[in-house]
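Before any comments, here is the structure.
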Amino acid sequence: MSDKIKYIDTIAARFRNYYPVVIDVETGGFNSTNDAILEIAAITLKMDKEGWLKLDETMHYHIVPFKGANIEKSSLAFTGIKLKKSLKNAVDEYTALNLIFNKIREGIKNNHCSKAIIVAHNAFFDLSFILAAVERTKIKKNPFHPFVTFDTAALSGLVFGQTILSKACYAAKITFNQKYAHRALYDTDRTAVLFCKIVNKWKKLGGWPIVMN
């Protein structure tokens with residue numbers, strides 16, 4: 001191999017200078033403008049020296065609904081969130097987002113990336129709630145790209161023929177316990193493992209690393 005050719009195994013090179021962060025929000029409904037965020041979890045990722053993608057740091061917060069927020073009973077029944085219990089250790093949206101964003105900015109800097117990108121299952125949903133919360137809290141420096149995402153529902157449909165998170169995990173031979181589903185921390189963890197498995201599978205098949213001249 002020529003001295004001018006080298007393999008690139010870094011997060012910045014792998015994802016076009018984007019820093020992928022796995023996100024899940026559990027909410028009081030489907031309307032990002034009016035419905036509350038009740039939980040949020042984020043998991044950062046790292047790449048080892050051989051170019052394999054792995055989970056890094058985990059953040060998880062229960063959220064105090066913003067003033068006037070709507071919470072549908074059907075959403076609470078779906079997620080299993082008990083509001084009274086959830087609110088005991090909850091923080092407001094600004095605090096949660098600020099803590100998460102600070103950690104993400106640190107990761108962007110350390111990995112020589114230019115911006116973060118949300119990784120989520122049905123990512124538009126999570127992104128829309130994040131953007132609405134940023135607007136409400138008037139956080140000026142949102143580290144996430146405003147519309148580009150890595151959607152594991154689409155990726156799983158391509159790789160494993162399944163778009164539902166639990167079924168995609170089963171197809172990928174990733175343990176999934178329905179008892180803990182629809183809670184931000186568990187769904188984020190399973191989504192992160194799934195995303196890493198997809199990226200690493202592509203590498204195993206020869207799709208990565210790329211050769212740079």
Side-chain angles (χ1 to χ4, degrees), residues 15 18-45 58-66 68-81 83 86 90-94 96-97 100-101 104 115-137 139 142-169 171-172 174 176 178 180-196 198-199:
F15 300 111
Y18 288 140
Y19 180 62
V21 181
V22 188
I23 292 280
D24 184 73
V25 295
E26 298 299 333
T27 67
F30 297 104
N31 187 319
S32 59
T33 302
N34 299 324
D35 297 337
I37 296 177
L38 302 175
E39 283 188 65
I40 184 170
I43 296 179
T44 58
L45 303 174
T58 299
M59 295 160 279
H60 174 233
Y61 301 99
H62 293 275
I63 308 295
V64 177
F66 63 90
N70 179 60
I71 302 174
E72 300 288 343
K73 290 182 179 179
S74 58
S75 293
L76 295 179
F78 180 73
T79 61
I81 293 174
L83 272 183
S86 178
V91 298
D92 59 55
E93 285 183 327
Y94 178 86
L97 289 179
I100 290 171
F101 286 1
I104 290 171
K115 205 166 190 65
I117 183 170
I118 282 181
V119 180
H121 209 75
N122 299 311
F124 176 77
F125 178 86
D126 300 271
L127 176 61
S128 68
F129 272 87
I130 293 293
L131 293 178
V134 167
E135 182 73 18
R136 278 192 299 272
T137 56
I139 293 178
N142 177 6
F144 285 116
H145 195 288
F147 56 85
V148 177
T149 63
F150 288 136
D151 188 346
T152 51
L155 292 171
S156 297
L158 172 67
V159 177
F160 299 113
Q162 298 288 348
T163 57
I164 297 172
L165 180 57
S166 59
K167 291 184 177 182
C169 285
I174 297 168
F176 193 96
Q178 289 287 357
Y180 304 112
H182 309 305
R183 301 303 296 271
L185 184 58
Y186 188 75
D187 283 2
T188 304
D189 178 80
R190 295 297 84 186
T191 301
V193 173
L194 179 62
F195 181 68
C196 288
I198 290 170
V199 172

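- T79 and H182 are not linked by any side-chain donor-acceptor pair at a separation below 3.5 angstrom, with hydrogens and angles left out of the test.
- Contact annotation: the side chain of F129 never approaches that of I40 to less than 4.5 Å [non-hydrogen atoms, C-beta and beyond].
- A distance-only check finds no donor-acceptor pair linking the side chain of D187 to the backbone of A181 [under 3.5 Å].
- Aromatic rings from Y186 and F176 are positioned such that their centres are separated by under 6.0 Å.
- Checked against the 6.0 Å centroid threshold, F15 and Y19 do not count as a close aromatic pair.
- Checked by atom type and distance alone, the side chain of D35 pairs as donor or acceptor with a backbone atom of N31 at under 3.5 Å.
- Note on E26 versus R183: no salt bridge recorded, every NZ/NE/NH1/NH2 to OD/OE distance being 4.0 Å or above.
- F101 has its side chain within reach of I130: a pair of non-hydrogen atoms, C-beta onward, lies under 4.5 Å apart.
- Qualifying side-chain contact (heavy atoms from CB on, under 4.5 Å) partners for A36, counting only residues two or more places apart in sequence or in other chains: L38, P65, A69, I71.
- S128 contributes a side-chain N or O that, together with a main-chain N or O of F125, makes up a donor-acceptor pair within less than 3.5 Å.
- Residues F160 and L194 have side chains in contact (heavy-atom distance under 4.5 Å, counting atoms from C-beta outward).
- The main-chain N or O of T163 is found under 3.5 Å from a side-chain atom of H121 such that the two form a donor-acceptor pair.
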